[in-house]
Amino acid sequence: MSTGRINPDHINAGHANADCINDKVTGLILAGGQGRRMGNVDKGLELFRGKRLVDHVYERLAPQVGGVIINANQNHDAYKTFGVRVVSDAIGNFAGPLAGLHAGLSVSRRPYLASVPCDSPFLPENLVERLMARLDESGAELAVAKTGNQPHPVFCLARRSVLEHLTNFLKGGGRRVDAWYASLDVVEVDFDDQAEAFSNINTREELATFAGMTTAGVTTAAAATVDTGAPASASIDAAAAAAGRLPPAPGDALARVVSCIDDYDPNALRVDKAREVIRSFLTPVATNEKVALRAALGRVLGEDLVSSLDVPAHDNSAMDGYALRHADLKTAGETELRLAGSAFAGRQFAGKLGKRECVRIMTGAVMPPGADTVVIQEVVQVEGDKVRIPAGQKRGQNRRLAGEDLAAGKPVLKAGHPVGPADLGLIASLGLAEVTVRRRLRVAFFSTGDELASVGLVLKPGEVYDSNRYTLHGMLSRLGCDVIDMGVVRDDPAQLERALRTAAADADAIITSGGVSVGEADFIRELLGRLGEVVSWKIAMKPGRPMAFGRIGSASFFGLPGNPVAVMVTFYQFVREALLAQSGRSGDCALPLLQVPCTAAIAKSPGRTEFQRGLLARGEGGRWSVCPTGAQGSGVLRSMSEANCFIVLEHERGPVRPGDPVQVQLFDGLV
Ligand code: AMP
Ligand code: MG
């Protein structure tokens, strides 16, 4: 996953799922209309699920293209929040989408322009890719999306070269899109599989209706009724239900879980106890989707995969050599057989093996009927059609049996299994082009703190740059989550409430860093309690003592400390496993612990678990050992960058002397 072109510092939330940025394409958002059917409003700026319509459209379009231009004829400043170019029509009087397309084509420098309307918050995430494929293939001047018999003329991809033609058409008084298309070489591209993605919002009723539902097959944020002031949990639950998440447990569920934990002390909670609470309080996503085989990499299988065929389909040879019937061989001494033919991979021996006959066979070739054994070519002597086989061959040697890899009717992989490269191959060997996987987990996160400045801005006295959102982005992307970066939220009750409610409605999990986690301020504790069930902990660990956990609506909530290292440590020690479980992974997802000698002394007192940053390296004689990296302060993010593992010093453990064995957890593939 990559961040695409979204800069969440300019907008509220950015979905980072751009696998298909096309740098040759400028994206054009058509927001130049009058919004007549909505009562003459600037439609792009209307609020929908907690954000402006244009925000939704930008988030979906920006990751697909090299840059974005917005066509608007009023409120330019409001559209400039993305830091992109905003252009008006050259023709006045709100002359329609063609005027917007003309304005976009006139200023774009890239060879292609993809246009979308500002009122289509569900637009396909692969719109540009698919339009481009057909445009390329057909050589047409313009590709337009179509569902059923209905073309969607404002969802189109044009070559820049159509500008002249369009200018002349407009100069001649033409205004209608269909009339212009009729004079062009246009190719229509079917999007029947994503018909709902083209829903656009024209009226207030549609705005309300769509806000309360999820469009099937389209991953959208659910309704966030941030500006209604309605009771929080009711609207959050309704939104979550609309998004296909399971309803939350009754209000005191967390209290019940906690009451079942031995030695539960929220003010000095052991790391293993915190993990136990979290584990018992998660609901995995239940919704599945079908994806193309390659796209299943890293996803969680949604259902058991049962083999419909034997793999391999036939007995075949594991070596290059001679296939024969073992019973023909003498028990002692050499046997001479007659060479009856040959069998190659993909071309089998046509006949049947006669008595005292053999067949030249290559690796992977189907065993000739009657043969049960293969003798490797290196040990036989061949003269014309006589083949001499030495003594000592074992029946069935060098033969792979049909169904040896996968047997028809037997489960191959279980639901909950994470799909790795070997699984892709295994599934391909069954001939399956698509795989049913769990939908991706949606994780919303924001930083809290009045002192935080976003990257790209000039620091004022007392401010620090917000680094936690970037660390979180990286860690979550590596886990394969859909990330919703909600930016920085000030230490202000109203803003925090609004952000938490939006996040709860949009996401399966919410992560915050900074003050919220501590819950020291009364208003924060009151707020978390009112929005959901959240407990604040002081964990017996270093770094990362304060943390909050619970549920807001149906989303799990992780309030991480503010310190940058503490964020990473608490993420890897608690959140990672929780999110994997929530995404439907079965089995134990804990990071393995390996034991190596520690080269330096480490001061440590019993009574808390410590996660030192370490460098695992191979010393003389090839032996691996670990050494703590320099400064270990919880704000020293450099210690994470320099390290390649955590040194995990257990709760009961005292000081470490040089040479003592310690446990490490590798970062590789993690950070
Ligand atoms: P808090 O938990 O809010 O008291 O923050 C603890 C420390 O972490 C303070 O020094 C904060 O300035 C710092 N901090 C909090 N959030 C962030 C962040 N998003 N990026 C970098 N530093 C942060
Ligand atoms: Mg703070």
Side-chain angles (χ1 to χ4, degrees), residues 3 6-14 16 266-267 269 274 443-477 483-497 499-500 503 509-528 534-550 557-575 608 611 613 631-642 671:
T3 49
I6 298 164
N7 183 347
D9 300 325
H10 295 300
I11 56 173
N12 270 339
N267 290 315
L269 191 63
V443 183
F445 60 96
F446 59 86
S447 297
T448 65
D450 287 338
E451 78 282 27
L452 300 179
S454 285
V455 298
L457 301 177
V458 178
L459 279 188
K460 299 198 190 81
E463 285 187 341
V464 291
Y465 284 119
D466 173 13
S467 59
N468 289 343
R469 265 165 54 229
Y470 292 85
T471 319
L472 281 169
H473 171 87
M475 296 189 292
L476 288 166
S477 300
V483 295
I484 307 173
D485 182 339
M486 297 180 64
V488 173
V489 176
R490 302 283 149 220
D491 289 323
D492 163 75
Q495 286 193 35
L496 282 170
E497 173 165 359
L500 285 167
I510 306 166
I511 302 176
T512 62
S513 75
V516 168
S517 58
V518 192
E520 265 165 7
D522 279 346
F523 80 81
I524 290 172
R525 253 184 298 154
E526 182 273 329
L527 174 64
L528 292 173
V534 178
V535 284
S536 294
W537 291 330
K538 288 201 173 65
I539 301 183
M541 69 186 284
K542 187 185 167 193
R545 239 161 87 77
M547 193 178 130
F549 169 70
F557 171 78
F558 302 88
L560 306 187
N563 275 313
V565 179
V567 166
M568 295 197 79
V569 173
T570 47
F571 183 92
Y572 284 133
Q573 298 307 324
F574 303 109
V575 186
R608 69 178 183 207
F611 299 90
R613 275 71 69 207
Q632 294 275 337
S634 63
V636 186
L637 199 50
R638 192 162 45 85
S639 68
M640 284 297 294
S641 281
E642 285 169 1
V671 220

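Index from 1, following the sequence. Whatever order the structure lists ligands and atoms in, that order sets their numbers, starting from 1. The shown structure was predicted, so the numbers you read here are calculated from the model rather than taken from an experiment.
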Between [X] and [Y], is there a donor-acceptor pair closer than 3.5 Å when you use the side chain of the first and the backbone of the second?
X	Y	value
R613	F611	yes
D492	Q495	yes
Y465	L457	yes

Which segment of [X] sits under 4.0 Å of ligand 1 when only heavy atoms are counted:
X	value
V488	neither
S467	both
E451	side chain

Please could you name the atoms of ligand 1 that [X] approaches to less than 4.0 Å, counting only its heavy atoms?
X	answer
G514	2 (O), 3 (O)
Y465	20 (N), 21 (C)
S447	19 (N)

Next on the checklist: As a quick check of understanding, evaluate side chain to side chain contact (heavy atoms under 4.5 Å, CB included) for V575 and I511, giving each step before the final call.
Outcome noted: CA-CA 9 Å; V575 186; I511 302 176; 3.8 Å; yes
Checklist entry - Under 3.5 Å, N or O to N or O, is R469 touching ligand 1 that way? => result no
Checklist entry - Within the structure, does G562 bring an N/O atom to less than 3.5 angstrom of an N/O atom in ligand 1? => result yes
Next on the checklist: Quick check on G515 - does any of its heavy atoms sit under 4.0 Å from an atom of ligand 1?
Outcome noted: yes
Item to check | Pair D466-S447, side-chain donor/acceptor within less than 3.5 Å | outcome: yes
Item to check | Steps toward ring-ring contact (aromatic ring centres under 6.0 Å, His included) verdict (F558, F574) | outcome: CA-CA 9 Å; F558 302 88; F574 303 109; 9.0 Å; no
Checklist entry - For atom 18 (C) of ligand 1, which candidate among T512, T471, N468, D491 holds the nearest heavy atom? => result N468
Item to check | pair R525-L527: side-chain heavy atoms closer than 4.5 Å | outcome: no
